[in-house]
Amino acid sequence: MPQQKDIVKIAIQMPGAYPQLIQLDQKKPLSAVIKEVCDGWNLPGPENYALQYADGVQMYITESNRLDIKNGCILRLTKAPGRCAEDLYKGIQSSDAGVRCDSLKELASVSTDVTFAQEFISRDGHLLLVKIVEDCNESNVIMTHTLTGFMELMDHGIVSWENLSSVFIKKIASFVNAKPTDASIQQVSLDILESMVLSSSNLFLQVKLEVTMERLIAHLQVTNQQIQTKAMALLMALLQTAADSDRQDMFAFLNKKNLRQYIYKNIIHSSGSVQDEMAHYLYVLQSVTLNHLEPRMRTPLDCYSQEQRDILHGLRQAAFETESDNSLSHERRRSLCAKEFKKLGFSNNSNPGQDLVRTPPGLLALDTMYYFAARYPDAYSRFVLENSSREDKHECPFARSSIQLTLILCEILRIGEPPSETRSDYHPIFFSQDRLMEELFCVCIQLLNKTWKEMRATQEDFDKVMQVVREQITRTLSSKPTSLELFKNKVNALNYSEILKLRQTERLHQEETLAPPVLELKERLKPELLELIRQQRLNRLCQGTMFKKISSRRRQDKLWYCRLSPNHKMLHYGDVDEDLDNPPIETLQEKIPVADIKGLLTGKDCPHMKENKGKQNKEALDLAFSITYDVEEYSLNFIAPSRTDFCLWTDGLNVLLGREMSSESMRSELEILLSMEIKLRLLDLENVSIPDSAPVVPKPPSNYNFCYDFSQTEQ
């Protein structure tokens, strides 16, 4: 007796008869089931019948797909695929045009089923269709049904496209090339040619010879959206399959005729599913076009190539007008070149080519730098000379920044990635701008310099600046600017302060979307974590910091040290020698009781900044703070060694004064701690045993030969 799970309750229909409700036993052979159904309607010859879905895709039921039948399915008893294929094969050869038309129309419909397709092709039915096309004696309606049926049969991959004759290919191409012809024939013919191109390089060459680019472009200019879409699909197939030389010729043709702009404008007039399909083809066109940069991106600089070395020296010479190299000695010339390459921002100033060995971006970074220097020489010189005159730690390195920016643009534009079959996120700016990669670089390298100054960055902040620049570019491109000028205006308006505001807004929005219990947990954790940060700040003040003594004279600045007493009641400070890193608290002669401290001042409000107004640079203002004590007549003035020390000390002093900490460092640390603590609290630790003691730290390795020194290599 069959198990319940093997029984499926279904209904079976047949025209002119009452439906049968049966319990289909999935263990029983399908032929036996069909015999029982035929017996129920007293039909002879059950081998001439088959079951088929009545709704949706009317696919034949076979032994391989019968398990897909679900309870409540409605099936239909119909002609077996072999019998149907035989009848249509005969009908297509009928002398009656009406019978031929009806047979071919039905063939186009049933050929979507692979079971039928196998039966029809086994009778060489596809060759019959090829002959009809080659003879070309039928009406447009019959020819449309013939081509549709042929396309459906070939889509199953049962027969290779390579087997088609050149006569057939030329005939299909003639349907595409003909001007006054039936639109339905052209649609299917374009479909067939696309499949040919994608299936074989030999067929690509034949189709390329038979169908001209001019004719394809003409199809893009018609009002029929289906023709436009099919022509676009064939154009993309040709571009994707072409060898490099052929592809370059096609790009040159498209650029020469300004056809990229026309193709983009064409999408505006599309609608519905056609618009989605056209958007995908625009993405493919963009992807294939930009990918011609991939060989340069994957190729490292060859230090023995005279041409590449000349380009490097051309960058140097364009930035620095120096005395003729020929008038200098070899050592002097070499020293001067190294110095200038260092000013250009190369890490390896004695051999700058080593900076361009990494791939990606490889030679593409050299190309973009050279393009910027040649196309916008004033902007290039201004960038390099401006940063050459800054203090060393605040200069923005042009070469290092350019190499990293080129890599970022490659990643954003997905250069080197094969086109996806599902993506449609193209950039409208691509269709209005030649040499998009190079022009974007020229805008973005100047943006990078602007952002560097806004962030008051040093060399240690390089990665942070690059993250902000990446965000500026991606946010601007996501707004779909349609021209380079529009992109330039938008990306420059999106300055560092705007990025911070957007991040804060998105963070708040993210917090609002958190579940109430998570928000409640976050609020409960915050006081505990704030106390942890307070203690860390006080401990840091107890360790102390070395400060430079403020001097108005042009001489070597003296050093002084300040630290908080372990009981948090006294601030000890005093002059120290340069070679003393951490002086004992007993050696610091001066002290201020914490109880006497009245206030904390920062920036331009500090007395020592007011006294030296006009003499202090922006960095000193950002690092200056003072404490006032007694009756605010006296002050102890500081200039922190770094922004981190400034945040630590101002936070720690605010804690001593009973005030809230307010530095950006505190906010960042609190966010990190909260995020980490919430993730830990929400971990699913059910059935996970947690040891009572920490695991034993393993012994150090016997040697460190596996360790790689990244200090000389830009990662």
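Because only heavy atoms are used, hydrogens play no part in the values below, and waters and symmetry mates are left out as well, while side chains stay in. This is a predicted model, so every value here is computed, not measured.
- Taking 4.5 Å as the limit, some side-chain heavy atom of L407 sits within range of a side-chain heavy atom of R358.
- Summarising the geometry, atom CG belonging to D651 is positioned 9.0 Å from atom CD belonging to E664; distances are rounded to the nearest 0.5 Å.
- Cation-pi check for R400 over F462 is met; the charged atom lies under 6.0 angstrom from the ring centroid and within 45 degrees of its normal.
- A 4.5 Å side-chain heavy-atom check between C303 and N351 finds at least one atom pair inside the cut-off.
- Contact record, T359 with G362: CG2-CA, 3.8 Å, taken as the closest heavy-atom pair.
- A donor-acceptor contact shorter than 3.5 Å is absent between the side chain of K490 and the backbone of P481.
- R296 contributes atom CZ, which lies 7.0 Å from atom CG of L366 (distance to the nearest 0.5 angstrom).
- Taking CD1 of I445 as the reference point, atom OG of S402 lies at 3.5 Å (rounded to 0.5 Å).
- Ring geometry, W560 versus Y573: the interplanar angle exceeds 60°, so the pair is classed perpendicular (tilted spans 30 to 60°).
- A donor-acceptor pair is defined here as one N or O able to donate and one able to accept, closer than 3.5 Å; no such pair exists between the side chain of E438 and the backbone of T368.
- The pair E531-R534 meets the salt-bridge criterion, since a charged nitrogen lies less than 4.0 angstrom from a carboxylate oxygen.
- Here the side chain of T650 pairs a donor or acceptor atom with the backbone of C647 at under 3.5 angstrom.
- The side chain to side chain contact (heavy atoms under 4.5 Å, CB included) test with C562 singles out one residue from L571, I592, I627, T545, and that residue is L571.
- The line from CD1 of I473 to CG of L409 is 5.0 Å long, rounded to the nearest 0.5 Å.
- A ring-ring contact (aromatic ring centres under 6.0 Å, His included) with F383 holds for exactly one of Y376, F372, F398; it is F398.
- Outside the 6.0 Å centre-distance limit, the rings of F625 and H608 are not counted as a close aromatic pair.
- Residues Y496 and W452 place their aromatic rings such that the two centres sit no closer than 6.0 Å.
- Shown here is E660, whose CD atom has no more than 12 heavy atoms of other residues, nucleotides or ligands within 6.0 Å.
- Annotation: the span from L364 atom CG to M437 atom CE amounts to 4.5 Å, rounded to 0.5 Å.
- Salt bridge absent: R667 and E671 never bring a charged side-chain N and a carboxylate O closer than 4.0 Å.
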Would H427 and F487 count as a ring-ring contact (aromatic ring centres under 6.0 Å, His included) here? Give the steps. CA-CA 11 Å; H427 298 296; F487 171 83; 9.4 Å; no
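- Between R540 and D645, at least one side-chain N (NZ, or NE/NH1/NH2) sits under 4.0 Å from a carboxylate O, which counts as a salt bridge.
- At distances below 3.5 Å, at least one donor-acceptor pair connects side-chain atoms of D355 with backbone N or O atoms of N348.
- Between Q472 and T451, the side chains place a donor N or O and an acceptor N or O closer than 3.5 Å (distance only, hydrogens not considered).
- Surrounding OH of Y370 are at most 12 heavy atoms belonging to other residues, nucleotides or ligands under 6.0 Å away.
- Ion pairing between a basic and an acidic side chain is recognised when a charged N comes within 4.0 Å of a carboxylate O; D622 and R643 show no such pairing.
- Q446 places a side-chain N or O within donor-acceptor distance of the main-chain N or O of C442, the cut-off being under 3.5 Å.
- Checked for salt-bridge contact, K343 and E340 miss the test: no charged N lies under 4.0 Å from a carboxylate O.
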Can L301 and Q354 be said to form a side chain to side chain contact (heavy atoms under 4.5 Å, CB included), step by step? CA-CA 8 Å; L301 184 136; Q354 288 297 319; over 6 Å; no
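- Ion pairing of E677 with R524 is absent here, as no side-chain N (NZ or NE/NH1/NH2) approaches a carboxylate O to less than 4.0 Å.
- Geometrically, K480 engages Y426 in a cation-pi contact, judged by NZ or CZ lying under 6.0 Å from the ring centre and within 45° of the ring axis.
- When atom types are taken as modelled, the side chain of S479 and the backbone of T476 share a donor-acceptor pair closer than 3.5 angstrom.
- Side-chain polar atoms of T458 and E460 form a donor-acceptor pair below 3.5 angstrom.
- N387 contributes a side-chain N or O that, together with a main-chain N or O of C396, makes up a donor-acceptor pair within less than 3.5 Å.
- Enclosure of atom CZ in R298 by more than 12 non-hydrogen atoms of other residues, nucleotides or ligands within 6.0 angstrom is indicated.
- To the nearest 0.5 Å, atoms CD (E439) and CD (E485) are separated by 11.0 Å.
- Contact annotation: the side chain of P566 approaches that of I585 to within less than 4.5 Å [non-hydrogen atoms, C-beta and beyond].
- Y561 and D575 share no donor-acceptor pair across their side chains, judged by distance under 3.5 Å alone.
- Under 4.0 Å is where a charged nitrogen must lie from a carboxylate oxygen, and between E506 and R475 at least one such pair does.
- The closest donor-acceptor contact from the side chain of D605 to the backbone of L601 lies at 3.5 Å or more, if one exists at all.
- Counting only heavy atoms from C-beta outward, the side chains of F441 and T406 approach each other to under 4.5 Å.
- For the pair Q433 and T482, the minimum side-chain heavy-atom distance is 4.5 Å or more.
- Side-chain atoms of R563 come within 3.5 Å of backbone N or O of C542 as a donor-acceptor pair.
- The number of heavy-atom neighbours closer than 6.0 Å to NZ of K591, taken from other residues, nucleotides and ligands shown, is 12 or below.
- When atom types are taken as modelled, the side chain of S565 and the backbone of M570 share a donor-acceptor pair closer than 3.5 angstrom.
- When side chains are defined from C-beta on, R316 counts as touching C337, because their heavy atoms get closer than 4.5 Å.
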